[in-house]
2 protein chains.
Amino acid sequence: MQFSVRLPVATHILLCIEKFHGECKTTSTFLAGSVNVHPVIIRKTLGQLRAAGLVEVAAGVGGAKLTKSPNDITLLDVFRAVEEDEDLFHFQENPNPKCPVGRNIHQVLGTRLEKIKQHMEDELARITLEELLNAVNENEGG
Amino acid sequence: MQFSVRLPVATHILLCIEKFHGECKTTSTFLAGSVNVHPVIIRKTLGQLRAAGLVEVAAGVGGAKLTKSPNDITLLDVFRAVEEDEDLFHFQENPNPKCPVGRNIHQVLGTRLEKIKQHMEDELARITLEELLNAVNENEGG
DNA sequence: AATAGATGTAATAACATATATTACAATCGA
DNA sequence: TCGATTGTAATATATGTTATTACATCTATT
């Protein structure tokens with residue numbers, strides 16, 4: 001089990017939008033060429049990022065740009081833009097209420113797993129787009 | 001996206017095995033009645049827990065028991081028993097190597113996400129079966 | 001040794017989710 | 001108006017999860 005490709009793809013998109021800002025128009029086809037997915041996937045993802053207030057997309061003429069500084073966009077913003085807000089683990093729906101374990105498992109295990117998800121989100125919140133962009137630029141010898 | 005029901009189900013199974021130890025034989029049918037899944041799911045999960053060295057299952061006569069103290073079994077043990085060891089997030093296979101973002105995204109984002117998974121596992125490792133069993137017993141007024 | 005109750009495992013079905021792709025109406029600058 | 005683009009629906013394909021049936025195998029007990 002692993003999370004879908006959506007967070008990495010959305011992050012890739014945002015990094016490209018910023019990296020190529022001013023240089024070329026970041027259309028869905030252009031972005032699809034870098035990420036290597038179908039342009040429609042890019043457009044859907046851009047739609048989610050737009051709904052989350054992270055980007056503006058120019059209808060008709062095309063191209064996208066960030067609505068905030070890369071320093072103000074975190075991986076948690078991206079995560080929430082493209083993933084449902086749900087428990088980290090799926091729980092069995094109807095454990096037996098006549099069993100002492102069955103009637104307590106969800107509360108006992110669930111609260112602990114919720115904390116772990118919370119911590120995961122805290123860590124995502126500490127990684128900014130700017131940090132990632134700097135890391136890319138450093139790898140490029142910049 | 002969320003992890004499958006397997007960790008919660010496997011944990012439920014282990015808790016029942018320990019809770020009912022000495023009281024009754026914890027067969028796949030008995031456990032299925034508490035968890036509320038098909039007995040074959042229980043047998044498959046017990047097979048994974050057995051392969052991980054966490055339980056012994058009596059062939060023929062039936063019933064399962066823990067091979068270690070509940071204090072020595074952590075949620076990380078259970079997690080590893082029932083989930084593949086893979087990245088937390090799925091990465092797009094072939095980003096464009098001609099793009100500065102495409103040729104660096106996996107390394108830059110991947111290393112950071114790996115750390116997050118590592119921390120998640122560290123937290124799972126801190127939760128023991130004993131802690132969960134105590135919490136269940138406390139909820140029962142015990 | 002025969003039996004009854006269990007396990008281990010394969011095969012299949014039903015369902016959900018993810019990704020790719022086609023199609024096309026709507027949008028907007030030139 | 002034209003051409004490039006977006007937004008979105010519809011569909012297809014693949015994969016993963018859970019439920020279920022079936023059955024060979026195992027073992028304590030009679």
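Chain A is the first sequence line, chain B the second, and so forth, proteins listed ahead of strands; every chain is numbered from 1. These figures come from a predicted structure and were not determined experimentally.
Residues Ser28(A) and Asn36(B) each lie close to DNA chain D; by heavy-atom proximity, the contact nearer the 5' end of the strand is made by Ser28(A). Mapping Thr27(B) and Val5(A) onto DNA chain C by nearest heavy atom places Thr27(B) at the nucleotide closer to the 5' end. Nearest-nucleotide positions on DNA chain C place Ala58(B) closer to the 5' end than the other of Gln92(B) and Ala58(B).
Across all strands shown, Val61(A) has heavy atoms under 4.0 Å from sugar-phosphate atoms exclusively, and none from any base. When heavy atoms are screened at a 4.0 angstrom cut-off, Gly62(B) is found touching the sugar-phosphate backbone but no base atom. Contacts of Val57(A) with the nucleic acid, taken as non-hydrogen atoms under 4.0 Å apart, involve only primed sugar atoms and P, OP1 or OP2.
When the C1' atom of dT18(D) is taken as reference, atom CG of Asn94(A) falls 15 Å away, rounded to whole Å. If you measure from atom CD of Glu84(B) to atom P of dG16(D), you get 9 Å, rounded to the nearest angstrom. At whole-Å resolution of the value, CZ in Phe91(B) and C1' in dT19(C) are 17 Å apart. Rounded to whole angstrom, the span from the CD1 atom of Ile41(A) across to the P atom of dA10(D) amounts to 17 Å. The interatomic distance linking Lys65(A) (NZ) with dT5(D) (P) rounds to 18 Å, in whole Å. Separating the NE2 atom of His90(A) from the P atom of dC15(C) is a distance of 16 Å, rounded to the nearest angstrom. Whole-Å rounding puts the His38(B) NE2 to dT17(D) C1' distance at 15 Å. Atom CZ in Arg6(A) sits about 11 Å away from atom P in dT17(C), given to the nearest Å.
Salt bridge Arg80(A)/Glu121(A): present, at least one basic N to carboxylate O contact under 4.0 Å. With respect to Glu123(A) and Lys115(B), no salt bridge is recorded, no charged nitrogen being found less than 4.0 Å from a carboxylate O.
Ala10(B) and Val78(B) get closest at one heavy-atom pair: CB-CG1, 3.5 Å. Contact record, Thr74(B) with Ala125(B): CG2-O, 3.2 Å, taken as the closest heavy-atom pair.
Residue Arg43(A) places none of its side-chain N or O atoms closer than 4.0 Å to OP1 or OP2 of dT5(D). Taking side-chain N and O atoms only, Arg50(B) has a distance below 4.0 Å to OP1 or OP2 of dG8(C).
The aromatic rings of Phe89(B) and Phe3(A) lie parallel to each other, with less than 30° between the two planes, well short of the 60° mark.
Closest to the Val40(B) side chain, of the nucleotides dA18(C), dT21(D), dC26(D), is dT21(D).
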